[in-house]
K.L.:
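Mind having a look at this structure? Questions to follow.
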Amino acid sequence: MPLLSPSHWEQQRPLAHYDLLVLGAGFVGLWTALHWLKRHPTHRVALVDPLPAGQAGASTRNAGFACFGSPTELLDDLRHEPEETIVARLHDRYAGLRQWRETFLPEELDWHEAPGHEVFTPSQTGSYHEAVDSLDQLNALAQRAGIPGVTYHVAKGISSALPHALSIAHEAGLHPGKAYACLTQALTQAGAHLHRGVALPPKTTWTKQAKGWQIPSSSGTWTADHVVVASNAWAKECLPELDIVPGRGQVLLTAPIPNLSFQGTYHADAGYLYFRNVGDRLLLGGGRNQFRAEEETHSGNITSSVQDYLEDYLREILLPGLTVSIEARWAGTMAFSSDGSKQAYVMNLGDQTYVAARMGGMGVALSPELGARMAAMIPS
Ligand SMILES: Cc1cc2nc3c(=O)[nH]c(=O)nc-3n(C[C@H](O)[C@H](O)[C@H](O)COP(=O)(O)OP(=O)(O)OC[C@H]3O[C@@H](n4cnc5c(N)ncnc54)[C@H](O)[C@@H]3O)c2cc1C
(Lines give C-alpha, C1' and ligand atoms only; values in the text may rest on other atoms or scores of the structure.)
Protein backbone atom coordinates (compact mmCIF):
# COMPACT_ATOMS: atom_id res chain seq x y z
CA MET A 1 0.00 0.00 0.00
CA PRO A 2 1.50 3.42 -0.91
CA LEU A 3 2.11 5.91 1.92
CA LEU A 4 -0.73 8.41 2.39
CA SER A 5 -0.16 12.13 2.74
CA PRO A 6 -1.30 13.31 6.18
CA SER A 7 -4.84 14.59 6.68
CA HIS A 8 -5.64 17.86 8.46
CA TRP A 9 -6.87 15.84 11.49
CA GLU A 10 -3.67 13.83 11.71
CA GLN A 11 -1.47 16.91 11.59
CA GLN A 12 -3.56 19.10 13.87
CA ARG A 13 -3.76 17.07 17.05
CA PRO A 14 -1.83 17.30 20.28
CA LEU A 15 0.05 14.13 21.16
CA ALA A 16 0.95 12.96 24.67
CA HIS A 17 3.44 15.12 26.57
CA TYR A 18 6.84 13.57 27.16
CA ASP A 19 9.53 14.40 29.69
CA LEU A 20 12.15 13.51 27.07
CA LEU A 21 11.77 13.36 23.30
CA VAL A 22 14.64 11.90 21.28
CA LEU A 23 14.86 12.78 17.60
CA GLY A 24 16.48 9.78 15.88
CA ALA A 25 16.35 6.16 17.03
CA GLY A 26 19.81 4.95 16.05
CA PHE A 27 22.24 3.50 18.59
CA VAL A 28 22.97 6.94 20.07
CA GLY A 29 19.32 7.93 20.57
CA LEU A 30 18.47 4.50 21.95
CA TRP A 31 21.38 4.37 24.43
CA THR A 32 20.67 7.96 25.53
CA ALA A 33 17.02 7.11 26.22
CA LEU A 34 17.92 3.87 28.01
CA HIS A 35 20.41 5.60 30.30
CA TRP A 36 17.99 8.44 31.05
CA LEU A 37 15.23 5.97 31.93
CA LYS A 38 17.63 4.19 34.27
CA ARG A 39 18.09 7.50 36.08
CA HIS A 40 14.39 8.46 35.93
CA PRO A 41 12.40 5.23 35.61
CA THR A 42 8.96 6.80 36.02
CA HIS A 43 9.46 9.52 33.40
CA ARG A 44 7.84 9.49 29.96
CA VAL A 45 10.29 9.03 27.10
CA ALA A 46 9.61 8.88 23.36
CA LEU A 47 11.87 8.39 20.36
CA VAL A 48 10.82 9.29 16.84
CA ASP A 49 12.37 8.16 13.57
CA PRO A 50 11.18 8.34 9.96
CA LEU A 51 12.44 4.85 9.11
CA PRO A 52 10.33 1.69 9.42
CA ALA A 53 10.66 -0.81 12.29
CA GLY A 54 14.05 -2.44 12.52
CA GLN A 55 15.88 0.19 10.45
CA ALA A 56 18.10 3.09 11.44
CA GLY A 57 20.43 5.39 9.51
CA ALA A 58 23.86 3.87 10.11
CA SER A 59 23.13 1.71 13.12
CA THR A 60 21.58 -1.18 11.18
CA ARG A 61 23.73 -0.74 8.07
CA ASN A 62 27.28 -0.82 9.45
CA ALA A 63 29.94 -3.52 9.37
CA GLY A 64 29.53 -4.74 12.95
CA PHE A 65 33.11 -4.19 14.09
CA ALA A 66 33.28 -3.99 17.87
CA CYS A 67 36.62 -2.19 17.71
CA PHE A 68 38.33 0.79 19.36
CA GLY A 69 41.29 1.82 17.21
CA SER A 70 43.90 0.28 14.92
CA PRO A 71 47.62 1.13 15.28
CA THR A 72 47.84 3.35 12.19
CA GLU A 73 44.64 5.17 13.18
CA LEU A 74 46.16 6.00 16.57
CA LEU A 75 49.45 7.05 15.01
CA ASP A 76 47.58 9.35 12.66
CA ASP A 77 45.62 10.76 15.61
CA LEU A 78 48.91 11.41 17.45
CA ARG A 79 49.97 13.68 14.60
CA HIS A 80 46.90 15.89 15.11
CA GLU A 81 45.73 15.58 18.68
CA PRO A 82 47.13 15.66 22.21
CA GLU A 83 47.56 12.26 23.86
CA GLU A 84 44.86 13.06 26.47
CA THR A 85 42.22 13.40 23.73
CA ILE A 86 43.21 10.10 22.17
CA VAL A 87 43.25 8.29 25.51
CA ALA A 88 39.80 9.69 26.37
CA ARG A 89 38.36 8.52 23.04
CA LEU A 90 39.97 5.08 23.39
CA HIS A 91 38.44 4.86 26.84
CA ASP A 92 34.97 5.79 25.57
CA ARG A 93 35.13 3.21 22.79
CA TYR A 94 36.43 0.38 24.96
CA ALA A 95 34.02 1.16 27.81
CA GLY A 96 31.21 1.31 25.23
CA LEU A 97 32.03 -2.16 23.98
CA ARG A 98 32.04 -3.44 27.55
CA GLN A 99 28.60 -1.92 28.07
CA TRP A 100 27.21 -3.86 25.11
CA ARG A 101 28.62 -7.05 26.62
CA GLU A 102 27.41 -6.30 30.14
CA THR A 103 23.91 -5.39 28.97
CA PHE A 104 23.28 -8.25 26.53
CA LEU A 105 24.34 -11.88 26.10
CA PRO A 106 26.93 -12.77 23.42
CA GLU A 107 24.38 -14.96 21.63
CA GLU A 108 21.85 -12.11 21.59
CA LEU A 109 24.36 -9.89 19.79
CA ASP A 110 26.09 -12.62 17.75
CA TRP A 111 29.19 -11.34 19.53
CA HIS A 112 32.33 -13.21 18.41
CA GLU A 113 35.54 -12.22 20.10
CA ALA A 114 38.81 -12.87 18.27
CA PRO A 115 41.93 -10.72 18.02
CA GLY A 116 41.48 -8.06 15.35
CA HIS A 117 44.23 -7.44 12.81
CA GLU A 118 45.63 -4.50 10.95
CA VAL A 119 47.16 -5.74 7.69
CA PHE A 120 49.64 -4.12 5.28
CA THR A 121 50.53 -4.59 1.61
CA PRO A 122 54.21 -4.69 0.51
CA SER A 123 53.95 -1.03 -0.55
CA GLN A 124 52.84 -0.19 3.02
CA THR A 125 55.95 -1.74 4.61
CA GLY A 126 57.07 1.72 5.76
CA SER A 127 53.91 2.38 7.77
CA TYR A 128 54.04 -1.18 9.13
CA HIS A 129 57.55 -0.58 10.50
CA GLU A 130 56.54 2.78 11.88
CA ALA A 131 53.67 1.05 13.74
CA VAL A 132 55.98 -1.72 15.00
CA ASP A 133 58.42 0.88 16.31
CA SER A 134 55.55 2.63 18.10
CA LEU A 135 53.90 -0.42 19.69
CA ASP A 136 55.17 0.38 23.20
CA GLN A 137 53.77 3.90 22.97
CA LEU A 138 50.42 2.65 21.60
CA ASN A 139 50.15 -0.04 24.27
CA ALA A 140 50.86 2.57 26.94
CA LEU A 141 48.03 4.73 25.56
CA ALA A 142 45.67 1.75 25.59
CA GLN A 143 46.58 0.98 29.19
CA ARG A 144 45.96 4.58 30.23
CA ALA A 145 42.52 4.23 28.58
CA GLY A 146 41.75 1.27 30.88
CA ILE A 147 42.21 -1.47 28.28
CA PRO A 148 43.67 -4.46 30.15
CA GLY A 149 46.81 -6.36 29.18
CA VAL A 150 48.90 -5.69 26.12
CA THR A 151 46.62 -4.66 23.25
CA TYR A 152 48.80 -4.41 20.14
CA HIS A 153 51.22 -7.16 19.01
CA VAL A 154 53.25 -8.05 15.96
CA ALA A 155 51.43 -10.88 14.15
CA LYS A 156 52.00 -13.21 11.23
CA GLY A 157 51.34 -11.84 7.76
CA ILE A 158 48.38 -13.25 5.87
CA SER A 159 49.57 -13.77 2.31
CA SER A 160 52.09 -12.44 -0.19
CA ALA A 161 49.60 -9.63 -0.89
CA LEU A 162 49.32 -8.81 2.83
CA PRO A 163 52.69 -9.88 4.25
CA HIS A 164 52.62 -7.76 7.43
CA ALA A 165 50.09 -7.75 10.27
CA LEU A 166 49.58 -6.46 13.80
CA SER A 167 47.05 -8.00 16.13
CA ILE A 168 44.60 -6.10 18.34
CA ALA A 169 43.32 -7.76 21.52
CA HIS A 170 39.69 -7.50 22.71
CA GLU A 171 38.15 -6.89 19.28
CA ALA A 172 34.94 -8.64 18.25
CA GLY A 173 32.36 -8.80 15.52
CA LEU A 174 28.66 -8.37 16.24
CA HIS A 175 25.38 -8.47 14.31
CA PRO A 176 24.15 -4.84 14.13
CA GLY A 177 20.58 -5.91 13.33
CA LYS A 178 20.41 -8.12 16.42
CA ALA A 179 22.11 -5.47 18.55
CA TYR A 180 19.49 -2.99 17.38
CA ALA A 181 16.68 -5.41 18.21
CA CYS A 182 18.14 -6.00 21.71
CA LEU A 183 18.32 -2.27 22.41
CA THR A 184 14.82 -1.44 21.16
CA GLN A 185 13.40 -4.32 23.19
CA ALA A 186 15.23 -3.17 26.34
CA LEU A 187 13.86 0.33 25.81
CA THR A 188 10.31 -0.80 25.27
CA GLN A 189 10.56 -2.90 28.42
CA ALA A 190 11.83 0.16 30.28
CA GLY A 191 8.67 1.99 29.19
CA ALA A 192 9.89 4.14 26.27
CA HIS A 193 7.64 4.79 23.27
CA LEU A 194 9.20 4.28 19.85
CA HIS A 195 7.33 6.10 17.07
CA ARG A 196 8.19 5.14 13.49
CA GLY A 197 7.43 7.07 10.32
CA VAL A 198 7.96 10.44 12.00
CA ALA A 199 10.54 13.00 10.84
CA LEU A 200 10.68 16.05 13.07
CA PRO A 201 11.20 19.43 11.36
CA PRO A 202 14.08 21.91 11.95
CA LYS A 203 14.30 23.65 15.32
CA THR A 204 13.29 26.97 13.73
CA THR A 205 9.73 25.57 13.50
CA TRP A 206 9.53 24.55 17.17
CA THR A 207 7.71 26.76 19.67
CA LYS A 208 9.08 27.37 23.15
CA GLN A 209 6.51 26.95 25.88
CA ALA A 210 6.49 27.48 29.63
CA LYS A 211 7.37 23.79 29.96
CA GLY A 212 9.69 22.71 27.15
CA TRP A 213 8.95 22.56 23.44
CA GLN A 214 6.07 22.15 21.06
CA ILE A 215 7.09 20.53 17.76
CA PRO A 216 4.81 20.17 14.74
CA SER A 217 4.90 17.03 12.59
CA SER A 218 2.77 15.22 10.04
CA SER A 219 1.58 12.91 12.84
CA GLY A 220 0.52 15.68 15.20
CA THR A 221 2.09 18.08 17.67
CA TRP A 222 4.73 16.76 20.04
CA THR A 223 5.40 18.44 23.35
CA ALA A 224 8.31 17.60 25.61
CA ASP A 225 10.29 19.10 28.48
CA HIS A 226 13.63 18.12 26.92
CA VAL A 227 14.55 17.34 23.30
CA VAL A 228 17.69 15.47 22.23
CA VAL A 229 18.72 15.67 18.57
CA ALA A 230 20.37 12.31 17.83
CA SER A 231 19.88 12.17 14.09
CA ASN A 232 23.61 11.90 13.29
CA ALA A 233 24.18 12.69 9.60
CA TRP A 234 20.80 14.48 9.49
CA ALA A 235 21.32 16.52 12.68
CA LYS A 236 22.36 19.57 10.65
CA GLU A 237 18.91 19.65 9.02
CA CYS A 238 17.49 20.27 12.48
CA LEU A 239 20.32 22.42 13.86
CA PRO A 240 22.05 24.17 10.90
CA GLU A 241 24.77 25.61 13.16
CA LEU A 242 26.33 22.13 13.60
CA ASP A 243 29.42 21.19 11.61
CA ILE A 244 28.31 17.86 10.14
CA VAL A 245 29.32 16.38 6.80
CA PRO A 246 27.64 13.16 5.68
CA GLY A 247 29.87 10.27 4.62
CA ARG A 248 28.47 7.26 2.83
CA GLY A 249 29.94 3.88 3.71
CA GLN A 250 29.48 0.96 1.33
CA VAL A 251 29.94 -2.75 1.93
CA LEU A 252 29.55 -6.06 0.14
CA LEU A 253 29.01 -9.56 1.48
CA THR A 254 30.10 -12.72 -0.32
CA ALA A 255 28.25 -16.00 -0.62
CA PRO A 256 29.56 -18.72 1.75
CA ILE A 257 33.21 -19.59 1.16
CA PRO A 258 34.31 -23.10 2.20
CA ASN A 259 37.27 -23.04 4.61
CA LEU A 260 37.34 -19.25 4.77
CA SER A 261 40.74 -18.39 6.22
CA PHE A 262 39.77 -14.93 7.51
CA GLN A 263 38.27 -15.27 10.98
CA GLY A 264 37.75 -12.09 12.98
CA THR A 265 37.99 -8.39 12.16
CA TYR A 266 40.60 -6.85 9.85
CA HIS A 267 41.61 -3.24 9.17
CA ALA A 268 43.55 -2.30 6.02
CA ASP A 269 44.69 0.80 4.15
CA ALA A 270 44.97 2.94 7.31
CA GLY A 271 41.38 2.00 8.27
CA TYR A 272 39.82 2.97 4.92
CA LEU A 273 39.19 -0.69 4.12
CA TYR A 274 37.85 -3.26 6.55
CA PHE A 275 36.79 -6.88 6.29
CA ARG A 276 35.56 -9.60 8.61
CA ASN A 277 33.99 -13.01 8.48
CA VAL A 278 30.24 -13.29 9.01
CA GLY A 279 30.05 -17.03 9.61
CA ASP A 280 31.52 -18.48 6.42
CA ARG A 281 30.89 -15.30 4.39
CA LEU A 282 33.32 -12.41 3.97
CA LEU A 283 32.13 -8.83 4.50
CA LEU A 284 34.27 -6.09 2.93
CA GLY A 285 33.66 -2.36 3.22
CA GLY A 286 35.20 1.07 2.87
CA GLY A 287 37.01 2.78 0.01
CA ARG A 288 35.37 6.13 0.76
CA ASN A 289 38.75 7.88 0.65
CA GLN A 290 39.10 7.04 -3.07
CA PHE A 291 35.82 8.78 -3.99
CA ARG A 292 35.55 11.53 -1.38
CA ALA A 293 33.39 14.04 -3.25
CA GLU A 294 30.78 11.54 -4.41
CA GLU A 295 30.63 9.85 -1.00
CA GLU A 296 29.83 13.09 0.88
CA THR A 297 26.13 12.43 0.47
CA HIS A 298 23.03 11.46 2.41
CA SER A 299 22.10 9.02 -0.33
CA GLY A 300 21.92 5.44 0.89
CA ASN A 301 22.34 3.97 -2.59
CA ILE A 302 25.38 1.93 -3.59
CA THR A 303 27.52 3.07 -6.53
CA SER A 304 29.36 1.02 -9.12
CA SER A 305 32.60 2.99 -8.61
CA VAL A 306 32.95 2.07 -4.93
CA GLN A 307 31.53 -1.43 -5.35
CA ASP A 308 33.95 -2.15 -8.24
CA TYR A 309 36.84 -0.85 -6.13
CA LEU A 310 35.83 -3.16 -3.26
CA GLU A 311 35.38 -6.09 -5.61
CA ASP A 312 38.83 -5.54 -7.15
CA TYR A 313 40.37 -5.58 -3.67
CA LEU A 314 38.41 -8.73 -2.83
CA ARG A 315 39.47 -10.60 -5.96
CA GLU A 316 43.05 -9.32 -6.27
CA ILE A 317 44.21 -9.00 -2.65
CA LEU A 318 41.96 -11.05 -0.38
CA LEU A 319 40.85 -14.03 -2.45
CA PRO A 320 43.10 -14.22 -5.54
CA GLY A 321 42.26 -17.14 -7.81
CA LEU A 322 38.99 -17.95 -6.04
CA THR A 323 35.62 -17.70 -7.76
CA VAL A 324 33.18 -16.21 -5.31
CA SER A 325 29.84 -14.52 -5.83
CA ILE A 326 28.57 -11.44 -4.03
CA GLU A 327 25.35 -12.06 -2.14
CA ALA A 328 24.55 -8.58 -0.79
CA ARG A 329 25.63 -4.98 -1.15
CA TRP A 330 24.43 -1.98 0.84
CA ALA A 331 25.33 1.52 2.01
CA GLY A 332 24.77 3.62 5.13
CA THR A 333 25.40 7.21 6.13
CA MET A 334 27.93 8.33 8.73
CA ALA A 335 28.50 11.83 10.12
CA PHE A 336 31.90 13.57 10.11
CA SER A 337 33.25 17.07 10.69
CA SER A 338 34.42 19.37 7.89
CA ASP A 339 37.89 19.84 9.43
CA GLY A 340 38.66 16.20 10.24
CA SER A 341 37.97 16.58 13.96
CA LYS A 342 36.82 13.30 15.49
CA GLN A 343 35.14 15.00 18.43
CA ALA A 344 31.51 13.88 18.66
CA TYR A 345 28.80 16.33 19.69
CA VAL A 346 27.46 15.56 23.16
CA MET A 347 26.20 18.95 24.25
CA ASN A 348 23.58 20.81 26.19
CA LEU A 349 22.63 23.60 23.78
CA GLY A 350 20.56 25.41 26.41
CA ASP A 351 16.80 25.93 26.33
CA GLN A 352 16.19 22.24 27.13
CA THR A 353 17.72 21.20 23.80
CA TYR A 354 20.63 18.76 23.44
CA VAL A 355 22.64 17.16 20.69
CA ALA A 356 24.36 13.75 20.57
CA ALA A 357 25.66 13.17 17.06
CA ARG A 358 28.67 12.92 14.71
CA MET A 359 29.95 9.49 15.66
CA GLY A 360 32.11 9.05 12.53
CA GLY A 361 32.82 5.40 11.79
CA MET A 362 32.82 4.36 15.44
CA GLY A 363 29.25 4.70 16.70
CA VAL A 364 28.85 1.04 17.62
CA ALA A 365 31.62 1.47 20.17
CA LEU A 366 30.90 5.06 21.20
CA SER A 367 27.11 5.06 21.55
CA PRO A 368 26.77 3.38 24.99
CA GLU A 369 29.24 5.73 26.72
CA LEU A 370 28.24 8.90 24.89
CA GLY A 371 24.58 8.00 25.41
CA ALA A 372 25.30 7.75 29.14
CA ARG A 373 27.10 11.11 29.08
CA MET A 374 24.23 12.73 27.20
CA ALA A 375 21.68 11.30 29.65
CA ALA A 376 23.67 12.65 32.60
CA MET A 377 23.38 16.21 31.17
CA ILE A 378 19.57 16.13 31.03
CA PRO A 379 17.85 17.03 34.31
CA SER A 380 14.61 15.34 35.36
C1 LIG B 1 28.92 1.10 6.09
C2 LIG B 1 29.19 1.50 7.51
C3 LIG B 1 30.03 0.72 8.29
C4 LIG B 1 30.26 1.06 9.62
N5 LIG B 1 30.97 0.20 10.39
C6 LIG B 1 31.09 0.45 11.71
C7 LIG B 1 31.72 -0.48 12.54
O8 LIG B 1 32.10 -1.56 12.09
N9 LIG B 1 31.89 -0.18 13.86
C10 LIG B 1 31.46 1.03 14.37
O11 LIG B 1 31.67 1.28 15.56
N12 LIG B 1 30.78 1.91 13.61
C13 LIG B 1 30.60 1.65 12.30
N14 LIG B 1 29.92 2.52 11.52
C15 LIG B 1 29.43 3.78 12.12
C16 LIG B 1 28.19 3.55 12.99
O17 LIG B 1 27.27 2.72 12.31
C18 LIG B 1 27.58 4.91 13.32
O19 LIG B 1 28.57 5.74 13.90
C20 LIG B 1 26.43 4.78 14.30
O21 LIG B 1 25.50 3.81 13.88
C22 LIG B 1 25.76 6.14 14.46
O23 LIG B 1 24.63 5.96 15.28
P24 LIG B 1 23.62 7.17 15.43
O25 LIG B 1 22.52 6.72 16.32
O26 LIG B 1 24.35 8.41 15.79
O27 LIG B 1 23.08 7.44 13.94
P28 LIG B 1 22.06 6.63 13.02
O29 LIG B 1 22.13 5.18 13.23
O30 LIG B 1 22.31 7.14 11.64
O31 LIG B 1 20.65 7.11 13.53
C32 LIG B 1 20.15 8.40 13.29
C33 LIG B 1 18.66 8.27 13.07
O34 LIG B 1 18.09 9.57 12.96
C35 LIG B 1 16.96 9.45 12.11
N36 LIG B 1 16.54 10.75 11.62
C37 LIG B 1 17.02 11.44 10.58
N38 LIG B 1 16.34 12.58 10.43
C39 LIG B 1 15.38 12.62 11.40
C40 LIG B 1 14.36 13.55 11.74
N41 LIG B 1 14.19 14.68 11.05
N42 LIG B 1 13.55 13.26 12.79
C43 LIG B 1 13.71 12.11 13.48
N44 LIG B 1 14.70 11.20 13.20
C45 LIG B 1 15.51 11.45 12.16
C46 LIG B 1 17.46 8.53 11.01
O47 LIG B 1 16.38 7.92 10.32
C48 LIG B 1 18.32 7.53 11.77
O49 LIG B 1 17.63 6.33 12.06
C50 LIG B 1 29.67 2.23 10.18
C51 LIG B 1 28.83 3.01 9.39
C52 LIG B 1 28.57 2.65 8.07
C53 LIG B 1 27.63 3.49 7.25
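Note that ligands are numbered from 1 as they come in the structure, with each ligand's atoms numbered from 1 the same way. Keep in mind it's a predicted model, so treat the numbers as computed, not measured.
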K.L.:
With the threshold set at under 4.0 angstrom, would you say A357 reaches ligand 1 through any of its heavy atoms?
P.N.:
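Heavy atoms of A357 never come under 4.0 Å of ligand 1.
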K.L.:
Regarding ligand 1, does A63 bring an N or O atom to under 3.5 Å of one of the ligand's N or O atoms?
P.N.:
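Yes; at least one N/O pair falls below 3.5 Å.
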K.L.:
What atoms in ligand 1 come closer than 4.0 Å to a heavy atom of T333?
P.N.:
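Under 4.0 Å from T333, ligand 1 has these atoms: 53 (C).
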K.L.:
Using the ring pair (Phe, Tyr, Trp, His ring centres under 6.0 Å) definition, which of the options F275, Y313, Y274 pairs with Y266?
P.N.:
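Passing option: F275.
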K.L.:
Relative to the heavy atoms of A56, which atoms of ligand 1 are at a distance of less than 4.0 Å?
P.N.:
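The list of qualifying atoms is 49 (O).
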K.L.:
Can you list every salt bridge (charged side-chain N to carboxylate O under 4.0 Å, His left out) pair that touches residues 338-359, not counting sequence neighbours?
P.N.:
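Every pair satisfying salt bridge (charged side-chain N to carboxylate O under 4.0 Å, His left out) with a residue in residues 338-359: E73-K342, D77-K342, K208-D351, D243-R358.
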K.L.:
Once you restrict to heavy atoms under 4.0 Å, what part of F65 touches ligand 1? Side chain, backbone, both or neither.
P.N.:
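Both backbone and side chain.
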K.L.:
Do the non-hydrogen side-chain atoms of V132 and H164 ever get within less than 4.5 Å of each other?
P.N.:
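No. Closest side-chain heavy atoms not under 4.5 Å.
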K.L.:
Please determine if E311 and R315 form a salt bridge, counting it only when a charged side-chain N lies under 4.0 Å from a carboxylate O.
P.N.:
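Counted as a salt bridge, because a side-chain N and a carboxylate O are separated by less than 4.0 Å.
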K.L.:
Under 4.0 Å from a heavy atom of G24: which atoms of ligand 1 are those, numbered in the order shown and with their elements?
P.N.:
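It comes down to these atoms of ligand 1: 33 (C), 34 (O), 35 (C), 43 (C), 44 (N).
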K.L.:
Mind jotting down which residue pairs meet the side chain to side chain donor-acceptor pair (under 3.5 Å) criterion with at least one end in residues 148-157? Sequence neighbours excluded, please.
P.N.:
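Listed by first then second residue: nothing to list.
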K.L.:
Regarding E369 and R98, does a basic nitrogen lie under 4.0 Å from an acidic carboxylate oxygen?
P.N.:
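No, no charged N to carboxylate O under 4.0 Å.
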K.L.:
Please list, in number order, the atoms of ligand 1 under 4.0 Å from a heavy atom of Y274.
P.N.:
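Near Y274, meaning under 4.0 Å from one of its heavy atoms, ligand 1 has 1 (C), 2 (C), 3 (C).
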K.L.:
Are the charged groups of E108 and K178 less than 4.0 angstrom apart, N to O?
P.N.:
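No, E108 and K178 are not salt-bridged.
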K.L.:
Just which atoms of ligand 1 are under 4.0 Å from any heavy atom in V48?
P.N.:
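It comes down to these atoms of ligand 1: 43 (C), 44 (N).
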K.L.:
Select one of side chain, backbone, both or neither to describe which atoms of E237 lie under 4.0 Å from any atom of ligand 1, heavy atoms only.
P.N.:
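Neither; no heavy atom under 4.0 Å.
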K.L.:
Run the contact test for C67 against ligand 1 with a 4.0 Å cut-off on heavy atoms, strictly below, and give the result.
P.N.:
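It does not, in that no heavy atom of C67 comes within the 4.0 Å cut-off of ligand 1.
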K.L.:
Check this for me - ligand 1, D49, N or O atoms closer than 3.5 angstrom, yes or no?
P.N.:
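In this structure, D49 places an N or O atom under 3.5 Å from an N or O of ligand 1.
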K.L.:
Need the ligand 1 atom indices (1-based, order shown) with element for anything under 4.0 Å from a heavy-atom of G64.
P.N.:
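That gives atoms 8 (O) of ligand 1.
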K.L.:
Looking at E295 and R288, does any basic side-chain N land under 4.0 Å from a carboxylate oxygen?
P.N.:
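Salt bridge absent between E295 and R288.
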K.L.:
Could you list the atoms of ligand 1 found under 4.0 angstrom from a heavy atom of A365?
P.N.:
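Those of ligand 1 that fall under 4.0 Å from A365 are 11 (O).
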K.L.:
If you measure from each non-hydrogen atom of A230 to ligand 1, which part falls under 4.0 Å: side chain, backbone, both or neither?
P.N.:
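The answer is the backbone of A230.
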K.L.:
Looking at ligand 1, would G361 count as a contact under a 4.0 Å heavy-atom criterion?
P.N.:
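G361 counts as a contact of ligand 1 under the 4.0 Å cut-off.
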K.L.:
Salt bridge between R79 and D76, side-chain N to carboxylate O under 4.0 Å?
P.N.:
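Looking at R79 and D76, the cut-off is met.
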K.L.:
Let's go through E241 and K236 carefully: what are the C-alpha distance in whole Å and the side-chain angles of both, what is the deciding distance for salt bridge (Lys or Arg N to Asp or Glu O under 4.0 Å) to 0.1 Å, and is it a yes or a no?
P.N.:
CA-CA 7 Å; E241 67 271 27; K236 194 176 171 65; over 6 Å; no
K.L.:
Does G249 reach ligand 1 with a nitrogen or oxygen that is under 3.5 Å from one of the ligand's nitrogen or oxygen atoms?
P.N.:
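There is no such contact.
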K.L.:
Does some non-hydrogen atom of P50 fall short of 4.0 Å from ligand 1?
P.N.:
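Per 4.0 Å heavy-atom rule, P50 contacts ligand 1.
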K.L.:
Any salt bridge linking E84 with R144? Criterion: basic side-chain nitrogen under 4.0 Å from a carboxylate oxygen.
P.N.:
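Salt bridge flag = yes for R144 with E84.
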K.L.:
Suppose we measure from atom 27 (O) of ligand 1 to each protein heavy atom; which comes out shortest, and what is that distance?
P.N.:
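Sorting protein heavy atoms by distance from atom 27 (O) of ligand 1 puts N232 CB, 3.1 Å first.
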K.L.:
Provide the number and element of each atom of ligand 1 under 4.0 Å from a heavy atom of L51.
P.N.:
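Going through ligand 1 atom by atom, the ones under 4.0 Å from L51 are 47 (O), 49 (O).
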K.L.:
Kindly confirm or rule out an N or O of A58 lying under 3.5 angstrom from an N or O of ligand 1.
P.N.:
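Between A58 and ligand 1 (N or O atoms, distance only) the closest approach is under 3.5 Å.
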